[in-house]
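All values derive from a computational prediction rather than experimental measurement. Numbers here simply count residues along the sequence, with the first being 1.
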Amino acid sequence: METKKLLEESRAWVRDQLEGSARFWLDHGMDKVNGGVYTCLDRKGEIYSTDKSVWMQAAALDFSYLCHVYGPRQEWLDA
């Protein structure tokens with residue numbers, strides 16, 4: 001396969017995975033009442049514990065990194 005085509009396909013795959021992951025956490029992980037991010041979610045996005053680890057709260061800063069790399073999106077800024 002041509003290198004350029006392989007790189008383009010790889011980039012599209014990475015973007016798709018990024019979009020899916022960000023969408024999952026935005027849809028299911030954000031605590032809209034008290035703030036922060038729920039950390040105990042199953043694969044369907046259902047919360048099985050409302051405990052919130054400090055590490056995961058810091059990991060939510062990844063949305064600021066996404067804004068830096070891919071450009072700001074209001075939903076990422078809100079997160």
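- The two residues Lys52 and Asn34 make their nearest non-hydrogen contact at NZ-CB, 4.2 Å.
- In this structure, Glu75 CD and Cys67 SG are separated by 9.5 Å, a value rounded to the nearest 0.5 Å.
- Distance check, rounded to the nearest 0.5 Å: CD of Glu8 to OG1 of Thr3 gives 11.0 Å.
- A salt bridge links Arg73 and Glu19; the closest N-O separation between the charged side-chain nitrogens and carboxylate oxygens is under 4.0 Å.
- How far CG of Asp31 is from CD of Gln57: 8.5 Å, rounded to the nearest 0.5 Å.
- Both Phe24 and Trp55 belong to a single network of hydrophobic side chains, linked directly or stepwise wherever heavy atoms of I, L, V, M, F, W or Y lie under 4.5 Å apart.
- No side-chain donor-acceptor contact under 3.5 Å links Ser64 to the backbone of Leu77.
- Under a 4.0 Å N-O distance rule, the pair Glu9/Lys4 does not qualify as a salt bridge.
- Side-chain polar atoms of Asp42 and Tyr48 form no donor-acceptor pair below 3.5 angstrom.
- Transitive grouping of hydrophobic side chains (ILVMFWY, heavy atoms separated by less than 4.5 Å) keeps Val14 and Tyr65 in distinct clusters.
- No path of Ile, Leu, Val, Met, Phe, Trp and Tyr side chains, each step under 4.5 Å between heavy atoms, connects Val37 with Val54, placing them in separate hydrophobic clusters.
- Cluster membership check: Trp13 does not share its hydrophobic cluster with Leu7, using side-chain heavy-atom separations under 4.5 Å among Ile, Leu, Val, Met, Phe, Trp and Tyr.
- Closest approach of Tyr38 to His28, counting heavy atoms only: CD1-O, 4.4 Å.
- Listed for the Ser10 side chain is a donor-acceptor partner under 3.5 Å among the backbone atoms of Leu6.
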